[in-house]
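Single-structure report; data block below.
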Amino acid sequence: MAFPTLFPDCKGDPTNQRLLRDVPLQERIKHLLKFAEIIDGKWVHRFANHPRFSYWAFNMIQRKTILQQSGIFLKQNPGEAHLTIHELREMATSNNANVFMSEVSRYVGNIAGTKAYWNKVREELKAIISNVGTLTLFFTFSSADMHWPELHALFKA
């Protein structure tokens with residue numbers, strides 16, 4: 001267990017897969033972060049106040065999301081379009097695994113922040129511009145001059 005001070009009786013670990021109900025990891029962690037108990041007459045949020053638990057939890061949620069949203073596909077090769085899952089597994093476990101791995105790619109275009117994601121967004125923007133036309137951008141700035149004494153003094157001078 002990663003946090004023995006947070007789980008002194010080894011119960012409540014959010015990564016435990018043997019739960020009676022299927023509760024998503026994000027909901028388990030959300031519950032722990034909101035969990036509070038009274039210690040010496042004060043409410044204590046031990047999970048939220050831990051110096052590393054929030055970072056660990058965010059990392060676990062992100063990793064799980066990436067694993068769920070990424071996909072593996074075979075590069076387009078008409079000669080291998082007929083292969084079944086059983087044949088692909090045999091190729092992966094055989095001595096020709098390097099050849100098989102050169103044909104496999106990972107798709108992460110739907111995971112924000114990855115290079116593939118930004119390439120996809122760029123292509124979508126190009127498509128919008130080619131179909132709709134050049135975008136117009138309008139900025140307006142407000143300095144709240146009546147609320148900032150320094151700016152108010154500048155404009156009165």
Side-chain angles (χ1 to χ4, degrees), residues 1-77 80-81 83-94 97-98 100-129 131-132 135-148 151:
M1 179 170 306
F3 299 97
T5 58
L6 295 178
F7 304 102
D9 55 356
C10 297
K11 293 180 183 175
D13 181 11
T15 59
N16 183 4
Q17 299 299 320
R18 297 180 311 267
L19 295 176
L20 298 176
R21 295 188 180 131
D22 186 25
V23 180
L25 177 65
Q26 190 167 353
E27 292 298 317
R28 290 184 232 168
I29 291 173
K30 184 177 170 182
H31 171 76
L32 289 174
L33 290 173
K34 289 182 177 182
F35 174 77
E37 58 191 343
I38 298 176
I39 299 176
D40 296 330
K42 293 182 180 180
W43 285 100
V44 177
H45 296 84
R46 62 179 165 163
F47 294 96
N49 293 334
H50 192 275
R52 287 179 291 284
F53 182 77
S54 296
Y55 296 108
W56 173 85
F58 181 69
N59 181 31
M60 292 298 291
I61 291 170
Q62 289 293 88
R63 289 172 59 198
K64 185 169 181 150
T65 302
I66 287 171
L67 286 173
Q68 289 173 341
Q69 290 183 355
S70 66
I72 295 176
F73 63 94
L74 287 172
K75 294 178 184 173
Q76 291 181 350
N77 189 348
E80 295 177 354
L83 294 175
T84 65
I85 291 176
H86 180 70
E87 291 170 331
L88 291 172
R89 283 186 182 144
E90 284 181 10
M91 284 177 66
T93 57
S94 71
N98 290 336
F100 174 73
M101 291 307 290
S102 68
E103 297 294 326
V104 174
S105 258
R106 177 166 233 175
Y107 178 73
V108 292
N110 52 351
I111 299 172
T114 61
K115 187 174 181 179
Y117 171 81
W118 289 114
N119 286 338
K120 184 179 89 169
V121 169
R122 182 183 330 114
E123 293 304 317
E124 289 173 358
L125 183 60
K126 285 180 185 177
I128 290 170
I129 291 171
N131 288 324
V132 178
L135 302 173
T136 303
L137 199 56
F138 178 77
F139 284 103
T140 181
F141 297 101
S142 172
S143 62
D145 59 335
M146 299 311 259
H147 298 286
W148 295 352
L151 287 177

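For clarity, every value in this text was computed on a predicted model and none was experimentally measured.
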Checklist line | For the student: nearest non-hydrogen atoms of Ala48 and Ser54, plus distance | finding: O-OG, 4.3 Å

Check: Taking 4.0 angstrom as the limit, do Glu123 and Lys126 come out as a salt bridge?
Finding: yes

Interatomic distance, [X] atom [atom1] to [Y] atom [atom2] [nearest 0.5 angstrom]:
X: Ile66; Y: Gln62; atom1: CD1; atom2: CD; result: 6.0 Å
X: Phe53; Y: Leu33; atom1: CZ; atom2: CG; result: 5.5 Å
X: Arg52; Y: Asn59; atom1: CZ; atom2: CG; result: 14.0 Å
X: Leu32; Y: His50; atom1: CG; atom2: NE2; result: 12.5 Å

Is any side-chain heavy atom of [Y] closer than 4.5 Å to one of [X]?
X: Met60; Y: Arg63; value: yes
X: Arg46; Y: Thr5; value: no
X: Phe3; Y: Pro14; value: no

Margin query: Once you measure the plane-to-plane angle for Phe47 and Phe7, does it fall in the parallel (<30°), tilted (30-60°) or perpendicular (>60°) bin?
Written below: tilted

